[in-house]
Protein chains: 2
Amino acid sequence: MEKLSKELIGASTIPIILSILTKNESYGYEIIQNIKEISGGKIEFGEGTLYPVLHKLEKKGLIESSWKIAESGRKRKYYNISSEGEKELKIEKENWTTINQIISKIWKIEPNLI
Amino acid sequence: MEKLSKELIGASTIPIILSILTKNESYGYEIIQNIKEISGGKIEFGEGTLYPVLHKLEKKGLIESSWKIAESGRKRKYYNISSEGEKELKIEKENWTTINQIISKIWKIEPNLI
DNA sequence: CAAATATACATAGAAGTTCGATGTATAAAA
DNA sequence: TTTTATACATCGAACTTCTATGTATATTTG
């Protein structure tokens, strides 16, 4: 069970985060666990990796944050996707489809199911 | 007709270069034209981008170079993929398949796909 | 035939990224 | 009560991409 390359992780980080936030609001720590689970351990973000990405996305206006107190009494910074973020996700999905078509063409395999 | 994001290009650079060299030996300038053509202009490497990547791949032993004189009389640095490079390409292909499975899984969570 | 363009390689520096290390703080479990 | 899990944050090293710049030669155009 190997981990994926830095480059592939980097390319998928933003679409994955935005996709997760499209479904439900979430917070940094949970997003890390969520991605780890969904990817079967193949994508494991450190906190020092994810938090700056969230800050960057917020600064660009793609997500919005609000502090909340969980039932546990613990403070959490919840993130929601913005309408700008939804537009961006749409573009990212199209880009992902495009690169898959290019790669498939080069590899001469059937285009991917995405 | 938009260009792809830096991240997606970065993730695909090495597999694309190695794939091209699997078919035929080639040289920097030609690889740039080749990728531009295959991608329908969506991936356009500058020379300052590609040459350092080729040097890096050679340093890592994934490709090998040799100077040749073309019929035109022009000097060209031809690159071939090494057996190490073929192994690496196999891994890269597997990684690409994996990330696609993860991404498609995440996108299936929400109903409105592109 | 002179000038412009295309071919062909190379490096430097700016800007941006990932990621391990480190720090703070609190709740839950051992 | 000590450890582990939860939850946020920043820093600096290492690496990347990309624009700009430089060198040089062949081909095409005016």
Side-chain angles (χ1 to χ4, degrees), chain A residues 3-17 20 25-37 39 42-60 62-79 92 95 99, chain B residues 3-17 20 25-37 39 42-60 62-79 92 95 99:
Chain A
K3 287 216 198 136
L4 293 168
S5 70
K6 199 168 110 176
E7 288 77 17
L8 272 180
I9 302 225
S12 57
T13 301
I14 292 174
I16 287 177
I17 292 172
I20 286 173
E25 70 171 5
S26 189
Y27 53 97
Y29 197 85
E30 190 182 52
I31 291 171
I32 291 169
Q33 313 300 323
N34 200 347
I35 291 175
K36 187 180 171 186
E37 197 209 326
S39 70
K42 277 169 181 157
I43 302 177
E44 236 177 299
F45 286 100
E47 298 173 59
T49 304
L50 188 71
Y51 288 123
V53 174
L54 290 174
H55 299 160
K56 184 187 71 177
L57 292 178
E58 184 168 28
K59 202 176 166 193
K60 288 170 90 177
L62 304 182
I63 59 177
E64 286 152 6
S65 69
S66 55
W67 285 96
K68 289 186 186 175
I69 309 292
E71 299 115 51
S72 58
R74 199 178 275 289
K75 276 197 307 175
R76 287 176 186 159
K77 198 178 191 177
Y78 279 89
Y79 288 95
E92 299 268 359
N95 283 347
I99 193 78
Chain B
K3 291 222 193 124
L4 292 168
S5 70
K6 198 169 110 176
E7 288 78 17
L8 271 180
I9 302 225
S12 56
T13 301
I14 292 173
I16 287 177
I17 292 172
I20 286 173
E25 70 170 6
S26 188
Y27 54 96
Y29 198 87
E30 191 181 49
I31 292 171
I32 291 170
Q33 314 300 323
N34 199 345
I35 291 175
K36 187 181 170 184
E37 197 208 326
S39 70
K42 276 170 182 160
I43 302 178
E44 236 176 299
F45 286 101
E47 299 172 58
T49 305
L50 188 70
Y51 288 122
V53 175
L54 290 173
H55 299 161
K56 185 188 70 177
L57 292 178
E58 184 168 28
K59 203 175 167 193
K60 289 171 90 176
L62 305 181
I63 60 178
E64 285 152 6
S65 70
S66 56
W67 284 96
K68 290 186 184 174
I69 310 290
E71 301 113 53
S72 59
R74 199 179 276 288
K75 276 196 307 176
R76 287 176 187 161
K77 199 177 192 178
Y78 278 88
Y79 288 95
E92 299 267 0
N95 283 346
I99 193 78

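Residue numbers start from 1 in every chain, and the chains themselves are labelled A, B, ... in the order their sequence lines are given, proteins ahead of strands.
- Put simply, NZ on B:Lys75 is 15 Å from P on D:dT23, counting in whole angstrom units.
- Between B:Lys77 and B:Tyr27, the shortest heavy-atom distance links the atoms O-CB, 3.1 Å.
- The nearest whole Å value for the distance from the CD atom in B:Gln33 to the C1' atom in C:dA6 is 9 Å.
- One interatomic measurement links the two molecules: CG of A:Leu54 to P of D:dA7, which rounds to 14 Å at whole-angstrom precision.
- Counting only heavy atoms from C-beta outward, the side chains of B:Thr13 and B:Thr49 never approach each other to under 4.5 Å.
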Protein proximity profile, nucleotides 11-19 of chain D - base contact B, sugar-phosphate-only contact S, no contact -, cut-off 4.0 Å on heavy atoms: -----SSBB
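- A straight line from NZ of A:Lys3 to C1' of C:dG20 spans 11 Å, rounded to a whole angstrom.
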For B:Ile9 and B:Phe45, what are the C-alpha separation, side-chain angles and deciding distance, and is it a side-chain contact (heavy atoms from CB on, under 4.5 Å)? CA-CA 9 Å; B:Ile9 302 225; B:Phe45 286 101; 3.9 Å; yes
In the 5'-to-3' direction, what one-character label does each nucleotide of nucleotides 25-30 of chain C receive under the scheme B = base within less than 4.0 Å of a protein heavy atom, S = sugar-phosphate only, - = no such atom? -BB---
Candidate pair A:Ile17 and A:Leu62, rule side-chain contact (heavy atoms from CB on, under 4.5 Å), full reasoning: CA-CA 11 Å; A:Ile17 292 172; A:Leu62 304 182; over 6 Å; no
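- Spacing between atom NZ of A:Lys36 and atom C1' of D:dA5 amounts to 12 Å, rounded to whole angstrom units.
- If you take CD1 of A:Ile32 and C1' of D:dA5, they are 13 Å apart, rounded to a whole angstrom.
- Scanning all heavy atoms of the two residues, the minimum distance from A:Gly28 to A:Leu50 falls at O-CD2, 3.4 Å.
- Of all non-hydrogen atoms in A:Ala11 and B:Leu8, the two that sit nearest each other are CB-CD2, 4.0 Å.
- Atom OH in A:Tyr29 sits 10.5 Å away from atom CZ in A:Arg76 (nearest 0.5 Å).
- Residues B:Ile69 and B:Lys75 approach most closely at CD1-CG, 3.5 Å, considering heavy atoms.
- For A:Tyr79 against A:Ser65, the heavy-atom pair with the smallest separation is CE2-CB, 3.5 Å.
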For DNA chain D, produce a single dot-bracket line, 5' to 3'. Pairs: Watson-Crick or G-U wobble, both distances under 3.5 Å. Symbols: ( ) within strand, [ ] crossing, | other strand, . unpaired. ||||||||||||||||||||||||||||||
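- Distance CD (A:Glu58) to C1' (D:dC8): 13 Å, rounded to an integer number of Å.
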Residue pair B:Ile43, A:Ile99: steps toward the side-chain contact (heavy atoms from CB on, under 4.5 Å) verdict: CA-CA 9 Å; B:Ile43 302 178; A:Ile99 193 78; 3.8 Å; yes
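- Listed pair B:His55 / C:dC9 fails the phosphate criterion, with no side-chain N or O lying under 4.0 Å from OP1 or OP2.
- No donor-acceptor pair closer than 3.5 Å links the side chain of B:Glu92 to the backbone N or O of B:Ile14.
- Whole-Å rounding puts the B:Tyr51 OH to D:dA24 C1' distance at 12 Å.
- When the side-chain nitrogen and oxygen atoms of B:Tyr27 are compared with OP1 and OP2 of C:dC9, none of them lie within a distance under 4.0 Å.
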